[in-house]
*Asks:* 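This is the structure I want to talk about, given as structure tokens.
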Amino acid sequence: MAGPQYHPHLRRVAICGGTHGNELSGVYLAKYWLRDPSELQRSTFHATPFLGNPHAVEKCMRYIGRDLNRLFTADILNSKDLDTEAYEVKRVQEINQLFGPKGSSQAYDFMFDLHNTTANMGSCLIVKSEHDLLPMHMCNYIQKHYTLSPCPIFIYLRPGEESYGIASVAKGCVALELGPQPHGVARADQIAQMRSIMACGLDFIELFNKGTLFPAFEIEAYRLVGHTDFPCYPDGEISAVIHPNLQDKDFQPLKPGDPIFQTLHGEDILYEGDEITYPVFINEAAYYEKKRAFFMAEKCTFSQPALQREL
């Protein structure tokens, strides 16, 4: 059997709330932790909470000019002409200076990014790739130690795709996506769940830093393969809504011939794919501006080697 993979000690950890200013579980927690970060701290690392998009938080909006969580690409990070750019583009530069630079040895060791969704995603853990060993081990640890609700894993990058999210500034990252929760609303149960999952993630880092050997394992995850947009009239207006049989069925199998939309005339529109897929972010409110109805994922099982801190 192959031996463990080794990873450096994690010394600096960032926790971001308010990447989207109307996703209030992370906003409220980040604001609280900025006042008193004591519950985030452990003996082997320092945790730094921050608000990703303060102006959007003030206005309780997803973003001001552009979606902050899509802008951490090389083109934007390396841009020199920012005078006429949106507020979020300038904020990208600030965050990259504070917690990066992205891809450098000076970047923070790890970042958590806290989100809510109107979709029935449960307590979803989002990672860039199944090849990110430490985040995958963290997800496995959370699934085993946070038992109040399922914590499905969603892999959002396709092979070869450049990472673009705020947490990608750090060397390693996991995003929390809890729902359903309306945007602009704070729910005590969602805040409590997010807080507990964060505690699990921080406990994992503490154990890792202390030299705990995490054994090899197999884990199930859902990997992004595509998306489905709403049907539209010729003028671009949405012509059908999510079918009742699909609503709230995130991470459940969708078979060819199953209904996915229903027109206002009461007609069903069926899924025409050739294979079973697993819809996620079904009917997410924030994606209506893109006419996006849901994303499609494949369910996979990945084998992960043992992990331990390098000596």
Side-chain angles (χ1 to χ4, degrees), residues 20 67 69-70 113 115-132 135-136 139-140 142-143 149-165 168 173-181 217-233 236 238-264 266-304:
H20 297 133
D67 189 336
N69 211 33
R70 304 293 185 272
D113 187 22
H115 290 266
N116 292 113
T117 173
T118 62
N120 189 30
M121 296 286 283
S123 301
C124 180
L125 309 173
I126 300 181
V127 299
K128 292 186 294 183
S129 167
E130 68 273 17
H131 302 296
D132 287 350
M136 292 295 285
C139 290
N140 184 55
I142 291 171
Q143 286 186 341
S149 67
C151 296
I153 300 168
F154 179 56
I155 298 168
Y156 81 92
L157 284 183
R158 301 183 194 185
E161 184 179 10
E162 180 185 12
S163 60
Y164 51 77
S168 67
C173 58
V174 166
L176 277 55
E177 189 77 61
L178 271 62
Q181 175 172 288
F217 61 92
E218 288 192 344
I219 196 164
E220 184 179 274
Y222 297 83
R223 184 166 55 190
L224 176 67
V225 295
H227 65 266
T228 296
D229 292 341
F230 284 102
C232 291
Y233 295 112
I238 290 174
S239 61
V241 297
I242 293 291
H243 196 278
N245 291 1
L246 179 61
Q247 182 64 50
D248 298 328
K249 299 299 194 305
D250 300 78
F251 298 108
Q252 297 187 29
L254 177 67
K255 301 184 296 295
D258 285 349
I260 54 175
F261 299 113
Q262 192 171 79
T263 71
L264 275 294
E267 299 172 354
D268 291 348
I269 298 175
L270 308 182
Y271 172 55
E272 297 180 351
D274 297 326
E275 300 178 344
I276 291 175
T277 190
Y278 293 82
V280 295
F281 288 103
I282 299 170
N283 216 7
E284 161 59 48
Y287 299 154
Y288 270 73
E289 67 180 17
K290 301 176 181 177
K291 306 291 196 299
R292 191 135 301 158
F294 56 88
F295 288 92
M296 298 179 294
E298 58 180 350
K299 184 162 70 170
C300 306
T301 299
F302 299 106
S303 296
Q304 300 292 341

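No experiment lies behind these values; they were computed from the predicted model shown.
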*Asks:* For Asp250 and Ile282, indicate whether the former's side chain and the latter's backbone hold a donor-acceptor pair under 3.5 Å.
*Replies:* yes
*Asks:* Check whether any side-chain N or O of Thr118 sits under 3.5 Å from a backbone N or O of Ala285 as a donor-acceptor pair, and report yes or no.
*Replies:* yes
*Asks:* Side-chain contact test, heavy atoms from C-beta onward, threshold under 4.5 Å: evaluate it for Leu176 versus Ser123 and give yes or no.
*Replies:* no
*Asks:* Answer yes or no: is there a side-chain heavy-atom contact under 4.5 Å between Pro253 and Tyr278?
*Replies:* yes
*Asks:* Take Ile153 and Gln143 through the side chain to side chain contact (heavy atoms under 4.5 Å, CB included) test and state the conclusion after the steps.
*Replies:* CA-CA 9 Å; Ile153 300 168; Gln143 286 186 341; 3.6 Å; yes
*Asks:* If only atom types and distance count, is the side chain of Thr277 paired as donor or acceptor with the main-chain N or O of Ala297 below 3.5 Å?
*Replies:* yes
*Asks:* Please name the pair of heavy atoms, one in Ala221 and one in Phe302, separated by the smallest distance, quoted to 0.1 Å.
*Replies:* CB-CE1, 3.9 Å
*Asks:* Taking atom CD as the centre, does Glu289 end up with more than 12 heavy-atom neighbours from other residues, nucleotides or ligands that are less than 6.0 angstrom away?
*Replies:* yes
*Asks:* Nearest 0.5 Å, please: how far is SG in Cys173 from CG in Asp132?
*Replies:* 6.5 Å
*Asks:* Between OG of Ser149 and CG of Leu178, what distance do you get to the nearest 0.5 Å?
*Replies:* 7.0 Å
*Asks:* Would you please test Glu130 and Arg223 for side chain to side chain contact (heavy atoms under 4.5 Å, CB included) and show each step?
*Replies:* CA-CA 9 Å; Glu130 68 273 17; Arg223 184 166 55 190; 2.9 Å; yes
*Asks:* Test your reading of the model: is there a side-chain donor-acceptor pair from Asp248 to the backbone of Asn120, 3.5 Å cut-off?
*Replies:* no
*Asks:* Please assess Phe281 against Phe294 for the test side chain to side chain contact (heavy atoms under 4.5 Å, CB included), listing each intermediate value before the final yes or no.
*Replies:* CA-CA 5 Å; Phe281 288 103; Phe294 56 88; 5.8 Å; no
*Asks:* To the nearest 0.5 Å, what is the distance between SG on Cys151 and CE on Met121?
*Replies:* 12.0 Å
*Asks:* Per the side chain to side chain donor-acceptor pair (under 3.5 Å) rule, which among Asn69, Asp67, Asn116 passes with His20?
*Replies:* Asp67
*Asks:* Are Ser163 and Tyr156 close enough that some pair of their side-chain heavy atoms sits under 4.5 Å apart?
*Replies:* yes
*Asks:* Is there side-chain contact between Pro135 and Lys128, with heavy atoms separated by less than 4.5 Å?
*Replies:* no
*Asks:* Find the distance between SG (Cys300) and CD1 (Ile155) and round it off to the nearest 0.5 Å.
*Replies:* 6.5 Å
*Asks:* Anything under 30° is parallel, anything over 60° is perpendicular, the rest tilted; go ahead and classify Phe230 against Phe261.
*Replies:* tilted
*Asks:* Counting distance only, does the side-chain N/O of Gln247 pair as donor-acceptor with the main-chain N or O of Pro244 below 3.5 Å?
*Replies:* no
*Asks:* Could you walk me through whether Phe295 and Tyr287 pass the ring pair (Phe, Tyr, Trp, His ring centres under 6.0 Å) test, one step at a time?
*Replies:* CA-CA 10 Å; Phe295 288 92; Tyr287 299 154; 5.6 Å; yes
*Asks:* Rounded to the nearest 0.5 Å, how far apart are CD of Glu267 and NE2 of His243?
*Replies:* 11.5 Å
*Asks:* Do Leu157 and Leu224 have side-chain heavy atoms sitting under 4.5 Å apart?
*Replies:* no
*Asks:* Return the set of residues passing side chain to side chain donor-acceptor pair (under 3.5 Å) with Asn140 (not counting sequence neighbours), or none when no residue passes.
*Replies:* Lys144
*Asks:* Should the heavy atoms of other residues, nucleotides or ligands under 6.0 Å from CD of Glu275 be counted, would the total exceed 12?
*Replies:* no
*Asks:* Just wondering, do Tyr288 and Ile238 contact through their side chains at under 4.5 Å, heavy atoms?
*Replies:* yes
*Asks:* Would you call Lys291 and Asp229 a salt bridge, taking side-chain N to carboxylate O under 4.0 Å as the test?
*Replies:* no
*Asks:* Under the criterion side chain to side chain contact (heavy atoms under 4.5 Å, CB included), I'd like the reasoning laid out for Asp258 against Asn245: C-alpha separation, chi angles, the key distance, then a yes or no.
*Replies:* CA-CA 8 Å; Asp258 285 349; Asn245 291 1; over 6 Å; no
*Asks:* For Thr117 and Glu177, test the side chains for any donor-to-acceptor distance below 3.5 angstrom and give the result as yes or no.
*Replies:* no
*Asks:* So, Thr301 versus Glu220: side-chain donor-acceptor pair below 3.5 Å or not?
*Replies:* no
*Asks:* So, do Thr228 and Met296 sit near enough that their side-chain heavy atoms are less than 4.5 Å apart?
*Replies:* yes
*Asks:* CD of Gln262 to CG of Leu246: how many Å apart, nearest 0.5 Å?
*Replies:* 11.5 Å
*Asks:* May I ask you to test the Cys124-Phe251 pair for a side-chain heavy-atom distance under 4.5 Å?
*Replies:* yes
*Asks:* Over all heavy atoms of both residues, which pair between Lys299 and Tyr222 is shortest? Give the atoms and the distance, please.
*Replies:* CD-OH, 3.5 Å
